[in-house]
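Computed from heavy atoms alone, side chains included, the values below leave out hydrogens, waters and symmetry copies. Letters A, B, ... are given to chains in the order of the sequence lines, protein chains preceding strands, and every chain is numbered from 1.
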Number of protein chains: 2
Amino acid sequence: MPTIRDVAKHAGVAPITVSRVINNAEYVSQKTRARVQASIKELGYVPNMLGLSLRFKQTMTLALVITDITNPFWTTVARGVEDVAQSQGYSVILCNTDESEEKQEQYLNMLLRRRIDGILLVPACSSPKAVHMIQRQGIPLVILDRSIPDTEVDLVTADSEAGVYQLIQHLLSLGHMRITMLTGPKTVSTAVARANGYRRALADAGLPESSARIYWGSYTQEGGYQMTRQALQETPRPTALFAANNFVAVGMLQALREEGLRIPDDVAIATIDDIPSSPIIEPFVTTATQPAREMGQQATELLLGRVTGSLTDAIQHIVLPTKLTFRASSGQKAGS
Amino acid sequence: MPTIRDVAKHAGVAPITVSRVINNAEYVSQKTRARVQASIKELGYVPNMLGLSLRFKQTMTLALVITDITNPFWTTVARGVEDVAQSQGYSVILCNTDESEEKQEQYLNMLLRRRIDGILLVPACSSPKAVHMIQRQGIPLVILDRSIPDTEVDLVTADSEAGVYQLIQHLLSLGHMRITMLTGPKTVSTAVARANGYRRALADAGLPESSARIYWGSYTQEGGYQMTRQALQETPRPTALFAANNFVAVGMLQALREEGLRIPDDVAIATIDDIPSSPIIEPFVTTATQPAREMGQQATELLLGRVTGSLTDAIQHIVLPTKLTFRASSGQKAGS
DNA sequence: TGCTATTCTGGTATCGGTACCATGATATGC
DNA sequence: GCATATCATGGTACCGATACCAGAATAGCA
């Protein structure tokens, strides 16, 4: 692969002159410019970014560290990230941690060695260790979706606590008095926030704390299935179930189908984030949807602000509203 | 950010000695090793890969250039790619072309400047221009999913032609004589291959060429909707519709729902690749599914074989079988 | 013609690693 | 005690770009 020196030799000039031609700098005569351009074309020369990256300490690369790209929510976030990055000339390296702290640490170490310009991180756990490691190296960092306690870091989340609050209020207004919450692990901030939204809605409705029924599990289909099985054992049976994420909702629906329970007649349900729905039927489940693409875009814009230095304000916490959609699964007529 | 020279100075040794400690090379005394490791820790030193990349001309980076990560098929492919790459120490840069040749070219130029080690490409068009540009630079390249005519290049595809053939055979065996094919643009090889599978099945069943009804559109929901609207105008109306990809199928279902046509009683349907299906109902649509994750994995293994030089065989064309699933939408009982 | 201003071109150093070779220090064998 | 082998360490150069400064060529003007 030819270098700038090969081109220079071929054109009978100095490397720096070729550089000036490439970058459209002033002070290159028409004759020289044409000769150099001919040489570039003939040799198929492509400038090597690595030299520049080494010299000027910027790689024009960001990293997106998420739990799993096959979750449609993260897919959409990723698309938002890539769009904004691309529009400003940055590339995005994709990393899947599968919620494993070990995998996350491996990835982060690799990213630091690569001297990428900034990191978008969905933390696999609530420990601030990873954040401190990145901050110590002075790499701009934006945390996505989940917060980390007692940590000064830019953050972009959706207000799922409010989403849950409103949906629980909605269920209460439909007369449900026994609403059970199925959420994620206590180490994941969104799982805790959503449980809090649930508790707050009950309290504001004047219900005693003891009326709260919360199951802590994993944010997976299997977790949703297990928690639903347990929740249905309660006597009296809950009249409504709330799934704290879309995978939990899928497991919940599976368990309800196996039990032969009708929705919403036997049990009403609601959830956070849409579940995949077949185009042959009307979407069915009442949800509070997080604006995934917008989260990706805003997080990337914030990160690039830090990277380029155009943004020097204090730490930001951007909270985007969720979008409520009331459908048949909660017992309400669709569209209302 | 400290360099190897900073660490060397701090530990009172030469940079090369620090290098030896980092790489666990022989011939470093215990005492020196301990002192250097202490300095590394104290300074928070992280080696800079850029120096190595520049020197040894490898960046340990691959690129995945697809049309759109929000399509679940590509998402799954991407996951397969990332898994294999990660296991061998490579990172993956993600690029969405949105089927635009211009965007593709921009991305490829950027990737060449980055001196990435290899490219996985889903071509936005059937022109061999992009392939030639990459091959001229000597960058290993594997084409995914779509072939490019008259071009010598490694290729990983699914045998969707055979999948279509079998599904059409299946529809014929159920007595359908008027089957209409809704496919993608003529410039996309899979759209052509799937049309060919359709024609071959008709021919082998002894039907005249004139019995073929093929609509060429775009591989999108909108395309599927438009083509279905047109197809339903035919008299006599088709008794079965075949959608050449999952997005087309979604548009098709939408149009059929609007027309109030029942599946399979009024019209039978089948498609390539699963469409998202709600967990509240049984999966419904008869499909030939492409093994997306495996395609990503095999393509990446092939690519890394070329990158590392461990694979020097002739050009390969890996064709993976599709998986047939007969469900209710074709008029057959589920599971049979 | 001589002087200055402008245009054009190039030499050298640098970014952060490691390969290569050289050299000094210590251990081993007879 | 001396030759040789092994261990331990360091100096220099290089990968491919461009910044910085220097200097040469030309143009403009009195």
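Phosphate contact (OP1/OP2 of C:dG17, side-chain N/O of B:S19, threshold under 4.0 Å): absent. Checking the phosphate oxygens (OP1, OP2) of D:dC15, no side-chain nitrogen or oxygen of A:T3 falls inside 4.0 Å. Taking only side-chain nitrogens and oxygens, B:K57 comes nearer than 4.0 Å to OP1 or OP2 of D:dG16. Within the structure, a side-chain polar atom (N or O) of B:N23 is placed less than 4.0 Å from OP1 or OP2 of C:dT18. Regarding contacts with the backbone of D:dT9, a side-chain N or O of B:S29 is found under 4.0 angstrom from either OP1 or OP2.
Rounded to a whole Å, the CG atom of A:L50 is 16 Å from the C1' atom of C:dT18. Taking atom CE of B:M49 as the reference point, atom P of C:dG16 lies 16 Å away to the nearest angstrom. Atom CZ of B:R113 is separated from atom C1' of D:dG16 by 15 Å (rounded to the nearest Å). Taking atom CD of residue B:Q30 and atom P of nucleotide D:dT9, one finds them 11 Å apart after rounding to whole Å. The distance from atom CD of A:E26 to atom P of C:dC8 is 9 Å, rounded to the nearest whole Å. Between the P atom of D:dC14 and the CZ atom of B:F56 lies a distance of 14 Å, rounded to the nearest Å. Atom P of nucleotide D:dT9 and atom CD1 of B:I22 are separated by 15 Å, given to the nearest angstrom. Across the protein-nucleic acid pair, A:R114 atom CZ and C:dG16 atom P stand 18 Å apart, rounded to whole Å.
For the pair B:V13 and B:R115, nearest-nucleotide mapping onto DNA chain D gives the more 5' position to B:V13. With the nearest nucleotide of DNA chain C identified for both A:V28 and B:I4, A:V28 has the one nearer the 5' end.
In the set C:dA13, D:dG10, C:dG17, the nucleotide with an atom closest to the side chain of B:T17 is D:dG10. Picking from C:dG17, C:dG10, D:dG16 the nucleotide with the shortest atom distance to the side chain of B:L54 gives D:dG16. With C:dG17, D:dG16, D:dG10 as the candidates, the nucleotide lying closest to the side chain of B:I16 is D:dG10. The side chain of B:Y27 lies closest to D:dA8, out of D:dA19, D:dG16, D:dA8. Closest to the B:L52 side chain, of the nucleotides D:dA17, C:dG17, C:dG16, is C:dG17.
In summary, A:R79 and A:E294 do not engage in a salt bridge, as defined by a charged side-chain N under 4.0 Å from a carboxylate O. The pair B:E105-B:K129 meets the salt-bridge criterion, since a charged nitrogen lies less than 4.0 angstrom from a carboxylate oxygen. A salt bridge is absent between A:K57 and A:D117; no separation between the charged side-chain nitrogens and carboxylate oxygens falls under 4.0 Å.
No donor-acceptor contact under 3.5 Å links the side chain of B:R20 to the base of D:dA8. Put simply, the side chain of A:R55 and the base of D:dG16 share no donor and acceptor less than 3.5 Å apart.
For A:A124 against A:Q104, the heavy-atom pair with the smallest separation is N-OE1, 2.7 Å. Across A:R306 and A:P140, no two heavy atoms sit closer than the pair CB-CB, 3.9 Å.
Within the 4.0 angstrom heavy-atom criterion, only backbone atoms of the sugar-phosphate kind lie near B:T32; the bases stay farther away.
For A:E152, the CD atom sits in a loose shell: 12 or fewer heavy atoms of surrounding residues, nucleotides or ligands are nearer than 6.0 Å.
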